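Structure first, commentary second.
Please read all numbers here as calculations on a predicted model, not as lab measurements.
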Amino acid sequence: MPELPEVETVARGLRRAILGRRIVSVTLGKTDFIDDPVALEQHLPGRSIEAVERYGKFMLLRLSVVNGGGGVPANGDAAPASLLVHLGMTGQLAPSPAAQPCEKHTHVCMLLDDGRELRYTDARRFGRIAYLTEVPLAEELLGFGADPLEVSDVEFAQRIRGRRARIKALLLDQSVLRGVGNIYADESLWKAKIHPARLGANLSAKQAATLRRVLQEILQKAIALRGSSISDFLDAEGEPGEYQRHHRAYGREGKSCYRCKTLIRRAIVAGRSSYFCPRCQPAPRGLKVLPMPGKKRKKS
DNA sequence: CTCGATCCCTGGACGC
DNA sequence: TGCGTCCAGGGATCGA
C-alpha cells in the first residue's frame with residue numbers, strides 16, 4: 001500500500017535507475033486505469049526521462065521535449081510534458097531487462113534505449129497513469145493539500161483545527177495533506193496519543209503540534225527504512241521496505257500496546273480499519289463508533 | 001460540510 | 001483440492 005514513504009522510495013530508485021534514459025517504444029496491456037492510453041503510445045516514444053518527482057502519492061516522470069533534428073515534431077511534442085503515476089494499492093514501477101519475461105499483470109512496458117524496459121504492474125489496477133502537458137498537470141495538482149514533510153506548524157493547525165471531521169478522515173484526505181494513507185495515519189495518531197475519531201476542531205493546539213511533529217518523524221524514519229512492505233510493496237529495485245517492523249498500531253489488533261500493554265483494538269473510522277490503543281488514545285466523549293460491526297453484511 | 005454507502009479490482013485468507 | 005465468501009484499501013461519486 002504505497003503511501004508517501006513508499007512512493008518516495010520508488011521515486012529515488014527510479015532516479016538512480018532511469019534518469020536520462022530515452023523511451024523507444026510503448027506496449028500496453030489492460031488500459032482501464034490509464035487516462036488516455038493512446039496518448040502514451042503517441043507521445044512517449046522519443047522522449048527521455050529528465051526528472052522523477054514525488055507529489056503526495058503520485059510520481060511525476062518529467063519528459064524531455066522532442067526535437068528531432070531541427071523541426072517542430074509532427075506530433076506536437078515541442079512542449080514539456082509528464083507522466084503522472086499513482087501506484088494505487090498494488091502498483092509497481094521498475095525497470096527490467098527487456099529479455100526477462102513480464103510479471104503477471106504488467107500493463108505498461110516502456111522500452112528504454114539501454115535495452116531495459118520500464119514496467120508498470122498492478123494486479124488490482126487501483127493505480128492511475130496519465131500523460132499530461134503542463135497546464136492539465138498543473139490543474140491536476142491544484143486540489144492537493146500540504147506536503148506533510150514541509151507543512152508548517154501554523155498551517156497544519158489551521159488545516160486540522162479548522163475542521164469538524166474526524167482526525168483520521170482529515171489525515172487521509174489528500175486535499176488536506178498529500179501523501180498520508182492508512183498506515184501512517186494510524187501510526188502517527190498512536191504516537192501522538194490521539195484517538196482516530198476525535199474531531200479536528202476538538203484537538204488542542206498542543207495536540208495538533210504534537211501530531212504534526214510525530215507525523216514528520218514517522219514519515220522520515222519510514223523513508224529512511226525504504227517504506228513499509230505489508231503485502232506486496234516492492235521498490236524500484238524489487239526490494240521490500242523495513243518500516244513494517246516498526247509499526248506500533250497498524251495491523252496490531254489484539255496485540256499489546258508498546259507503551260502500556262493494553263490490547264490494540266480496531267474500529268472502522270472514516271470508512272477504514274483504524275488501529276489504536278484504547279488506553280493511550282482515549283475516545284472522544286459520546287463516541288458512537290461501533291467498535292466492529294461484527295460481520296456486517298449488505299443489508300437484507 | 002461531513003457522513004456513509006457503493007463501486008472499481010484481484011489475491012489471499014478462511015470455512016466447509 | 002476446490003469451491004464460495006469475505007476482506008483489504010485509495011479514490012471517485014452520489015445521496016442523505
With respect to the phosphate group of [N], does any side-chain polar atom (N or O) of [X] fall under 4.0 Å of OP1 or OP2?
X: A:Y250; N: C:dG9; result: yes
X: A:K104; N: B:dG11; result: yes
X: A:K30; N: B:dT10; result: yes
X: A:S273; N: C:dG9; result: yes

Non-hydrogen side-chain atoms of A:R54 and A:R12 separated by less than 4.5 Å: no

Side-chain contact, heavy-atom cut-off 4.5 Å: A:M59 with A:E53? no

Could you go through A:D122 and A:Y120, starting from their C-alpha distance and side-chain angles, then the distance that decides it, and tell me whether this counts as side-chain hydrogen bond (donor to acceptor under 3.5 Å, both in side chains)? CA-CA 7 Å; A:D122 188 349; A:Y120 180 79; 2.7 Å; yes

In short, A:V7 meets A:K57 closest at the heavy-atom pair CG2-O, 3.5 Å

Of all heavy-atom pairs between A:V180 and A:P148, which one has the smallest distance, and what is that distance? CG2-CG, 4.0 Å

Length of the line joining A:Y184:OH and C:dG10:C1', which is rounded to integer Å: 15 Å

A:M89 has an atom CE; how far is it from atom P of B:dG11, in whole Å? 14 Å

Table of protein N/O atoms under 3.5 Å from nucleotides 1-3 of chain B N/O atoms:
from, atom 1, to, atom 2, distance (Å)
B:dT2, OP1, A:R164, N, 2.7
B:dT2, OP2, A:R163, NE, 2.5
B:dT2, OP2, A:R163, NH2, 2.8
B:dC3, OP1, A:R166, N, 3.4

Based on the rotation axes of five pairs at each end, what angle does the helix from B:dT2-C:dA16 to B:dC16-C:dG2 bend through, to 10°? 50°

So which protein nitrogen or oxygen atoms get under 3.5 Å of nucleotides 11-15 of chain C's nitrogens or oxygens?
from, atom 1, to, atom 2, distance (Å)
C:dG11, OP1, A:H86, NE2, 2.8
C:dG11, OP2, A:K57, NZ, 3.4
C:dG11, N7, A:R272, NH2, 3.4

Return the orientation label for the A:F144 and A:F58 ring planes: parallel under 30°, perpendicular over 60°, tilted otherwise. perpendicular

Identify which nucleotide among C:dA8, B:dC8, B:dT10 has an atom closest to any side-chain atom of A:R266, counting heavy atoms from C-beta outward. C:dA8

Pairing of A:E217 and A:K221 as salt bridge, 4.0 angstrom limit: no

Just to verify, which of A:T27, A:L118, A:T31, A:L28 counts as forming a side chain to side chain contact (heavy atoms under 4.5 Å, CB included) with A:V108? A:L28

